[in-house]
Amino acid sequence: MIFETHGHYDDEQFDTDREQLLEEFQRQDIRYVMNIGANIATSKASVELAHQYDFIYAAIGTHPDDAPELSDAAIEMYRQMAVDEKVKAIGEIGLDYFHEDVPKEAQIHWFRKQLELAEELKLPVVIHSRDAAKDTMDIMKEMQGRLCGGVIHCFSYSTEIAREYIKMGYYIGVGGVVTFNNGRKLKEVVEAIPLTSIVLETDSPYLSPVPFRGKRNSALNIPYVAKEIAALKGVTEEEVYDVTFKNSLKLYRMEENMQAEA
Ligand code: NI
């Protein structure tokens with residue numbers, strides 16, 4: 001069974017065939033999908049999608065690129081939205097210094113506010129961090145002991161930093177980049193860290209694995225990622241699916257649901 005821990009299936013790139021695609025997921029043993037909001041509009045869309053499909057859950061939050069849309073009223077709206085039982089996490093939130101459109105101070109301010117919301121709501125966090133390793137780590141350390149875990153999504157930093165996050169109780173999100181020829185750094189991270197700290201993700205519609213690099217991504221491509229992780233770690237693909245599935249349930253605190261269903 002596959003747990004797709006990070007996709008954006010509300011994206012307009014899925015408008016033409018969303019229904020067929022999501023039905024295909026269920027035939028392909030994709031047991032759960034966490035649909036991730038990246039701003040107010042897509043967070044609302046995530047919750048809507050989660051209500052249309054039993055196997056889809058939602059994360060709500062605003063990505064650093066969209067931080068200027070936030071206000072205290074917006075945070076209050078997220079607080080209200082999070083009451084919904086299908087909302088399982090706050091994210092994706094974080095820091096992105098690759099694009100310099102949004103001033104760092106604004107990104108940091110709203111990252112902290114959303115982390116505080118996650119603390120208050122006792123929800124795990126989905127962290128986006130690009131070219132902002134130090135500031136992200138500093139803030140996560142500040143918050144250490146106050147949050148109930150989360151995932152460092154689309155992990156792009158060093159093995160040392162991965163180990164630090166794992167020590168703090170976070171999962172490392174691994175997707176299509178691990179199959180790229182220039183994905184060496186991530187391959188090294190995957191080799192070095194325990195499988196019990198990895199979750200599978202796509203960031204669909206982006207970051208398709210080889211051989212579909214550049215095309216629209218979906219959870220149907222996760223086997224290419226699992227195969228690469230299995231090769232790097234010298235385990236079977238089944239083991240990758242089993243362990244990461246359990247990791248994902250722990251990450252999103254869905255273990256009790258599973259037991260109730262069983
Ligand atoms: Ni994403």
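For ligands, and for the atoms within them, numbers begin at 1 and follow the listed sequence. All values below were derived from every heavy atom in this structure, side-chain atoms included, with hydrogens, water molecules and symmetry-related copies excluded.
Taking backbone and side chain together, His6 holds an N, O or S atom under 2.8 Å from the Ni ion (ligand 1). Distances from the Ni ion (ligand 1) show that His8 has an N/O/S atom below 2.8 Å.
The pair Lys44-Glu48 does not count as a salt bridge, with every side-chain nitrogen at least 4.0 angstrom from each carboxylate oxygen. In this structure, Asp138 pairs ionically with Lys134, as a charged nitrogen and a carboxylate oxygen lie closer than 4.0 Å.
The atom of Glu92 that is an N, O or S and sits closest to the Ni ion (ligand 1) is OE2. For Asp203, the N, O or S atom closest to the Ni ion (ligand 1) goes by the atom name OD1.
The one candidate from His128, Gln107, Arg130 that meets the side-chain hydrogen bond (donor to acceptor under 3.5 Å, both in side chains) condition with Asp96 is His128.
Expressed to the nearest 0.5 Å, how far OG1 of Thr179 lies from CG of Leu232 amounts to 10.5 Å.
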